[in-house]
Protein chains: 2
Amino acid sequence: MLTSQRRALISARLVRDGQIVAGELAQELDLSEDTIRRDLRDMAAAGLLKRVHGGALPLAPPLPDLESRQAMSTGVKQRLGRKAADLVRAGQLIFIDGGTTNAELVRALPRDMALTIATHSPAIAALLEKHRAEVILIGGRLYKHSMVSTGAAALAAIGTLRPDIFFLGATAIHAAHGLTTGDYEEAAIKRAIAAQSAETIALMTGEKFGTVSPHHITGIENIAALILPADMAPDTSAPYRQKAVRIIEA
Amino acid sequence: MLTSQRRALISARLVRDGQIVAGELAQELDLSEDTIRRDLRDMAAAGLLKRVHGGALPLAPPLPDLESRQAMSTGVKQRLGRKAADLVRAGQLIFIDGGTTNAELVRALPRDMALTIATHSPAIAALLEKHRAEVILIGGRLYKHSMVSTGAAALAAIGTLRPDIFFLGATAIHAAHGLTTGDYEEAAIKRAIAAQSAETIALMTGEKFGTVSPHHITGIENIAALILPADMAPDTSAPYRQKAVRIIEA
DNA sequence: CTTGACTCTGCGCGATATTGCATGATTTAT
DNA sequence: ATAAATCATGCAATATCGCGCAGAGTCAAG
């Protein structure tokens, strides 16, 4: 790869991602970090970017929305959300759990798709304003930590639904202990939704693998598909591949 | 995440939220609280914010924010919302209708007040995340235009509540025709909530006065208080003053 | 064809920066 | 008044940095 090509790529990435992380780019291009650092140093001297510890930033900050979203490194979650959206078919009733990863799923859903979407997360419901889909909001007492409806009212409302797909978010996943979360009520709700649904699909970011939280949701064998980042360590994801779960890499 | 990005995020949050809570931000960014504290300490030393126990505050009241908000003509809604918030007492159960004016009411509510707040608006519910109040979310089919729960499920859930105050939003208000709105289901829901509540308080911006929408909610005589802008034409508000309604000017 | 100047790249090294944890002090809430 | 939360500090582990050096490739003059 030519130097000028590489520098053009750096400029393009700054526009696209709003940031450059020297170590990541070196690994991606199979170059030493020194080379990237030299590029960044030179380009900073040429006034093309702002050098910071760990990488570089654009001289003028990008759009506020883009900034805040990518600052929180939602790239992984975006990829998971897109893969999940690919599994949805027109006419289905899908249930979407709370959480920022599932929010990315909503953002990835085509706005004009004919769907019925149920959720117990007000944040997810609010995101669906511009979508054509019919939205069923599950009410109840809001559990403050994860901001989803819980309690008897929520359980009763869920009992009337038979979703085709339940997109599940959990706090932790472990080969032996399955999917777990931190709150008793929250776990009960997720269990109830999963029991009503034809299939449950879990979206999990890498740091959750191999960890366990106090309250059990369901075993891995009850998950129809597990969506996880493609760049995970192979031995981390190996136990789940053996459990005959469908693995989707994003 | 790059350090300088994180600090930029902190600055952005200070403008947006008017405060930083160290523990919350640490959890959200998956960092130790020490790192956030160090950021706040350094930024305070650099004169970018004011360090306080538990987090940080902006140095000066965020003028640009206020400016841009009022440029979007939400200034009136903010004033209405503040006056409405003044009517709330600790320990009460209040029901908050949907809409941007009621969103300002939520923003004006003290975050640490002991309350139970019911709402059928996912947007209002999402705003209450940082509040100490218990939140009861009314579920149902989301009516897309105003993004509130409607239908039998919502009506049933409302029937179990006896709110002290219902903060009502409506599309139109007229001395003879009372409060009206554009959707049949929405009107039915608002009627049901008002019927359950000890008192109903309406927040109305100036342009709604003297107008009528197709579906009737309730008459002016059933409104305990009407909060309206102070800078309205006197003859516009005169008919409502004569109806023995309590008028609160904001 | 050979040689030398030049550039680019990767590696090693010591210096610096960042982060998380432990500890004891301080503040806040109940 | 007591418990819990928050804080500052020191320390150790890790990441990143800048610099010098050497090998590989390029190019042009000899």
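In the text below, chain A, chain B and the rest are named by the order of the sequence lines, each starting its count at 1. Here the structure is a predicted model, which means the values were calculated and not measured. All heavy atoms count here, side chains included; hydrogens, waters and symmetry mates do not.
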Is there a donor-acceptor pair closer than 3.5 Å between any side-chain N or O of [X] and the backbone N or O of [Y]?
{"X": "Arg79(A)", "Y": "Glu249(A)", "answer": "no"}
{"X": "Asp164(B)", "Y": "Leu93(B)", "answer": "yes"}
{"X": "Lys77(B)", "Y": "Asn102(B)", "answer": "no"}

Can you tell me if the side-chain N/O atoms of [X] get under 4.0 Å from OP1 or OP2 in [N]?
{"X": "Arg41(A)", "N": "dT16(D)", "value": "no"}
{"X": "Arg6(A)", "N": "dC8(C)", "value": "no"}
{"X": "Thr35(A)", "N": "dC11(C)", "value": "no"}

For Arg7(B), salt bridge (Lys or Arg N to Asp or Glu O under 4.0 Å) partners two or more places apart: Asp39(B), Asp42(B)
In whole Å, I'd like the distance from the [atom1] atom of [X] to the [atom2] atom of [N].
{"X": "Ile36(B)", "N": "dG20(C)", "atom1": "CD1", "atom2": "C1'", "answer": "13 Å"}
{"X": "Leu29(B)", "N": "dT19(C)", "atom1": "CG", "atom2": "P", "answer": "11 Å"}
{"X": "Asp30(B)", "N": "dT18(C)", "atom1": "CG", "atom2": "P", "answer": "19 Å"}
{"X": "Gln5(A)", "N": "dT9(C)", "atom1": "CD", "atom2": "C1'", "answer": "16 Å"}
{"X": "Gln27(B)", "N": "dG20(C)", "atom1": "CD", "atom2": "P", "answer": "14 Å"}
{"X": "Asp39(B)", "N": "dT18(C)", "atom1": "CG", "atom2": "P", "answer": "9 Å"}
{"X": "Asp42(B)", "N": "dC7(D)", "atom1": "CG", "atom2": "P", "answer": "14 Å"}
{"X": "Glu33(B)", "N": "dT18(C)", "atom1": "CD", "atom2": "C1'", "answer": "18 Å"}

Residues 168-180 of chain A, side-chain donor-acceptor partners within the protein, below 3.5 Å, at least two apart:
from: Thr171(A); atom 1: OG1; to: Thr181(A); atom 2: OG1; distance (Å): 2.8
from: His174(A); atom 1: ND1; to: Ala176(A); atom 2: N; distance (Å): 3.0
from: His174(A); atom 1: ND1; to: His177(A); atom 2: N; distance (Å): 3.3
from: His174(A); atom 1: ND1; to: His177(A); atom 2: ND1; distance (Å): 3.2
from: Thr180(A); atom 1: OG1; to: Ser213(A); atom 2: N; distance (Å): 2.8

side-chain contact (heavy atoms from CB on, under 4.5 Å) evaluation trace for Leu87(B) with Ile227(B): CA-CA 11 Å; Leu87(B) 304 175; Ile227(B) 305 182; 4.1 Å; yes
Per-nucleotide protein contact string for nucleotides 21-30 of chain C, where B marks a base within reach and S marks sugar-phosphate only (heavy atoms under 4.0 Å, - for neither): BB----SS--
For a quick test of your reading: what N or O donor-acceptor pairs under 3.5 Å do the side chains of residues 109-130 of chain B make, sequence neighbours left out?
from: Arg111(B); atom 1: NH1; to: Gln19(B); atom 2: OE1; distance (Å): 2.2
from: Thr119(B); atom 1: OG1; to: Ile96(B); atom 2: O; distance (Å): 2.8
from: Thr119(B); atom 1: OG1; to: Ser121(B); atom 2: N; distance (Å): 3.1
from: His120(B); atom 1: ND1; to: Ser149(B); atom 2: O; distance (Å): 3.3
from: His120(B); atom 1: NE2; to: Asp97(B); atom 2: OD1; distance (Å): 3.0
from: Ser121(B); atom 1: OG; to: Ala123(B); atom 2: N; distance (Å): 3.3
from: Ser121(B); atom 1: OG; to: Ile124(B); atom 2: N; distance (Å): 3.1

Check: protein-nucleotides 5-7 of chain C nitrogen or oxygen pairs below 3.5 Å:
none

Full working for side-chain contact (heavy atoms from CB on, under 4.5 Å) between Glu104(A) and Leu80(A): CA-CA 8 Å; Glu104(A) 293 298 331; Leu80(A) 296 178; over 6 Å; no
Touch class at under 4.0 angstrom, heavy-atom based, for Val21(B) against every strand present: nothing
Nearest-neighbour nucleotide for the Leu31(A) side chain, dG10(C), dC17(D), dC19(D) considered: dG10(C)
Any pair counted as salt bridge (charged side-chain N to carboxylate O under 4.0 Å, His left out), so long as it reaches residues 24-34 of chain A, sequence neighbours left out: Arg13(A)-Glu28(A), Glu33(A)-Arg37(A), Asp34(A)-Arg37(A)
